[in-house]
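Order of listing sets the numbers, starting from 1, for every ligand and every atom in it.
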Amino acid sequence: MAVDTSRIIGPIILLGAPGAGKGTQAKLIAGHYQIPQVSTGDLLRDNVTRGTELGKTASSIMARGELVPDDLVYGIVSERLRETDCDRGYILDGFPRTPSQAGWLDALLEDKFFDKPKDEKWHPLVIRIDVDYNELLLRLTGRRICLANGHIYNIHLKPPCKDAICDKDGSQLVIRDDDREEVIRERLLAYESQTRPVAEYYAGRGRLVSVDGELPVEQVSDWVFREIERHNPHAPGQK
Ligand code: AP5
């Protein structure tokens, strides 16, 4: 079926350190604009849970807080972006994470890959969510995730009504394997050395905007929605 170009949102890339709120904001953007969240962390964790070959390789790397090799990530990203729910756009959460991944994504988008309409809107909007180091530590050590649908809570900042139970679907809340303090430190180091330069990559191409991720969740999402609509004035959100 032909894609209605007037309803294209295009790719939105969320950059930010572990705990900055990429997943939280990606879910709100997805609900507002009806485009999917494509989280490389979630895709990798799903492979780990299913015990695929990729999951077996990625599991120990993720447990150490290091980045999974690019070629493994490229495979899952290109496969996911081929799905038809990405036809109007998508939110990349956790990808790209190195300048090489950013270059790979640019090449993919330039090729148009799968008959995308030749449209300016396919230039990604890159939104970096800025949060201070100590706040990141508080967020990551307090995070709890619901087993059924990945709803995100925080025992310090956004506790569930009932201890360890998801308000939305009643499933159990768990601590992510890599939210242990020694692994958190490694993840933050990997961000500083490998991912921070990605912001420079996009800033140099005039595509980067930053938002203050220390504001309350709703104020961050209002800011994010404003940036999306400035980039794409006809973005059809759910009012
Ligand atoms: P990934 O799953 O991508 O994790 P991450 O980047 O470390 O990010 P997080 O999911 O920890 O944080 P977030 O920014 O989504 O924050 P959240 O919204 O949950 O990656 C995991 C691993 O997979 C990597 O270490 C690597 O091994 C591998 N991997 C993934 N992608 C890869 C790639 N491209 N290449 C190679 N390897 C890759 O929020 C955190 C907490 O803060 C929550 O409790 C939330 O409730 C709270 N919170 C959020 N916003 C606010 C706010 N505004 N105010 C107060 N609290 C808030």
Side-chain angles (χ1 to χ4, degrees), residues 13-30 37-48 54-55 57-78 80 91-105 127-132 134-146 150-160 166-167 173-180 182-196 198 211-224:
I13 295 173
L14 293 184
L15 286 183
K22 302 181 297 296
T24 300
Q25 294 302 325
K27 286 178 175 50
L28 293 168
I29 301 169
Q37 170 190 13
V38 176
S39 156
T40 42
D42 287 349
L43 292 169
L44 288 165
R45 280 185 288 278
D46 177 56
N47 274 273
V48 172
L54 165 62
T57 311
S59 164
S60 55
I61 301 171
M62 293 170 78
R64 291 196 298 271
E66 295 167 9
L67 295 189
V68 171
D70 286 348
D71 52 332
L72 297 184
V73 181
Y74 295 157
I76 53 171
V77 172
S78 52
R80 179 64 186 91
I91 307 136
L92 286 168
D93 162 9
F95 186 90
R97 233 173 167 103
T98 61
S100 321
Q101 292 184 6
W104 177 88
L105 179 66
I127 303 176
R128 187 181 63 191
I129 306 175
D130 293 330
V131 174
D132 170 81
N134 289 331
E135 171 78 10
L136 293 172
L137 286 181
L138 187 71
R139 289 186 183 185
L140 291 169
T141 52
R143 176 166 55 186
R144 300 292 182 271
I145 306 284
C146 107
H151 297 125
I152 305 170
Y153 295 84
N154 195 291
I155 55 166
H156 310 302
L157 307 162
K158 187 194 167 199
C166 178
D167 295 346
L173 299 182
V174 296
I175 300 178
R176 230 169 76 175
D177 282 349
D178 57 355
D179 278 348
R180 286 173 291 120
E182 65 281 13
V183 184
I184 290 173
R185 219 166 295 126
E186 286 307 316
R187 288 163 60 205
L188 290 170
L189 280 174
Y191 175 77
E192 283 304 323
S193 60
Q194 292 167 275
T195 309
R196 199 174 274 286
V198 176
V211 301
D212 179 356
E214 296 199 18
L215 294 171
V217 170
E218 298 70 27
Q219 288 183 34
V220 179
S221 57
D222 283 348
W223 191 336
V224 165

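Expressed to the nearest 0.5 Å, how far CG of L15 lies from CG of D130 amounts to 9.5 Å. I129 contributes atom CD1, which lies 7.5 Å from atom NZ of K22 (distance to the nearest 0.5 angstrom). Rounding to the nearest 0.5 Å places CD1 of I13 at 12.0 Å from CD1 of I91. The line from CZ of F95 to CG of L44 is 11.0 Å long, rounded to the nearest 0.5 Å. Here N47 contributes atom CG and D42 contributes atom CG; the two are 11.5 Å apart, rounded to the nearest 0.5 Å. How far CZ of R45 is from CG of D178: 6.5 Å, rounded to the nearest 0.5 Å.
Nearest-heavy-atom check against atom 45 (C) of ligand 1 across I152, L215, D177, I184 picks out I152. By heavy-atom distance, the residue among R187, H156, R97 lying nearest atom 24 (C) of ligand 1 is R97. When Q101, E66, H151, E218 are ranked by how near their heavy atoms come to atom 26 (C) of ligand 1, first place goes to E66. Evaluated by nearest non-hydrogen atom to atom 22 (C) of ligand 1, the leading choice among R144, M62, Q194 is M62. Among N154, V68, L44, the residue whose heavy atom lies nearest to atom 29 (N) of ligand 1 is L44.
For R139, heavy-atom contacts with ligand 1 shorter than 4.0 Å involve the backbone as well as the side chain. Counting heavy atoms under 4.0 Å from ligand 1, residue Y191 does not touch it at all. At a heavy-atom distance under 4.0 Å, atoms from both the backbone and the side chain of V217 approach ligand 1. Residue-level proximity to ligand 1 for R45 is carried by the side chain, the only part with a heavy atom below 4.0 angstrom. Contacts of T24 with ligand 1, taken as heavy-atom pairs under 4.0 Å, involve both backbone and side chain. Neither the backbone nor the side chain of T98 comes within contact range of ligand 1; no heavy atom lies under 4.0 Å.
The protein non-hydrogen atom at the shortest distance from atom 16 (O) of ligand 1 is G21 N, 3.2 Å. The protein heavy atom nearest to atom 31 (N) of ligand 1 is T40 OG1, 2.7 Å. Looking only at protein heavy atoms, the nearest one to atom 12 (O) of ligand 1 is G19 N, 2.9 Å. Among protein heavy atoms, the minimum distance from atom 4 (O) of ligand 1 is reached at R176 NH2, 3.1 Å. The shortest contact between atom 9 (P) of ligand 1 and any protein heavy atom is with R143 NH1, 3.2 Å.
A heavy-atom separation below 4.0 Å is found between D178 and ligand 1. Using a 4.0 Å heavy-atom cutoff, A17 is listed among the residues neighbouring ligand 1. Heavy-atom separations between Q219 and ligand 1 are all 4.0 Å or longer. Ligand 1 has no atom lying under 4.0 Å from any heavy atom of G142. For G16, the heavy-atom gap to ligand 1 stays at 4.0 angstrom or more. Ligand 1 has at least one atom lying under 4.0 Å from a heavy atom of L140.
With contacts defined as side-chain heavy-atom distances shorter than 4.5 Å, the pair T24/K158 does not qualify. Between L157 and E135 the shortest side-chain heavy-atom distance falls below 4.5 Å. With contacts defined as side-chain heavy-atom distances shorter than 4.5 Å, the pair R143/I152 qualifies. Put simply, the side chain of D167 reaches to within 4.5 Å of the side chain of Y153, judged on heavy atoms. With contacts defined as side-chain heavy-atom distances shorter than 4.5 Å, the pair L215/D222 does not qualify. Side chains of T141 and H156 form a contact here, defined as non-hydrogen atoms less than 4.5 Å apart. With contacts defined as side-chain heavy-atom distances shorter than 4.5 Å, the pair T57/V68 does not qualify. Between L136 and P18, every side-chain heavy-atom pair lies at or beyond the 4.5 Å cut-off.
R187 and D179 are joined by a salt bridge, as a carboxylate oxygen and a charged side-chain nitrogen come within less than 4.0 angstrom of each other.
For the pair G94 and ligand 1, the shortest N or O to N or O distance falls below 3.5 Å. The distance criterion of under 3.5 Å between nitrogen or oxygen atoms is not met by G65 with respect to ligand 1.
Set against the non-hydrogen atoms of G213, the atoms of ligand 1 under 4.0 Å away are 53 (N). Every atom of ligand 1 is numbered from 1 in the order shown, and the set under 4.0 Å from a heavy atom of G23 is 13 (P), 15 (O), 18 (O). Atoms of ligand 1 found under 4.0 Å from any heavy atom of Y153 (numbered from 1 in listed order, with element): 43 (C), 44 (O), 46 (O). Atoms of ligand 1 found under 4.0 Å from any heavy atom of F95, numbered from 1 in the order shown, are 34 (N). Those atoms of ligand 1 with a heavy atom of K22 less than 4.0 angstrom away are 5 (P), 6 (O), 8 (O), 12 (O), 13 (P), 14 (O), 15 (O), 16 (O), 18 (O). Listed by atom number, the atoms of ligand 1 under 4.0 Å from P18 heavy atoms are 5 (P), 7 (O), 8 (O), 12 (O).
Between Y74 and W104, the ring-plane angle classifies as parallel under the 30° and 60° cut-offs.
Around CG of D70, the count of heavy atoms belonging to other residues, nucleotides or ligands within 6.0 Å exceeds 12.
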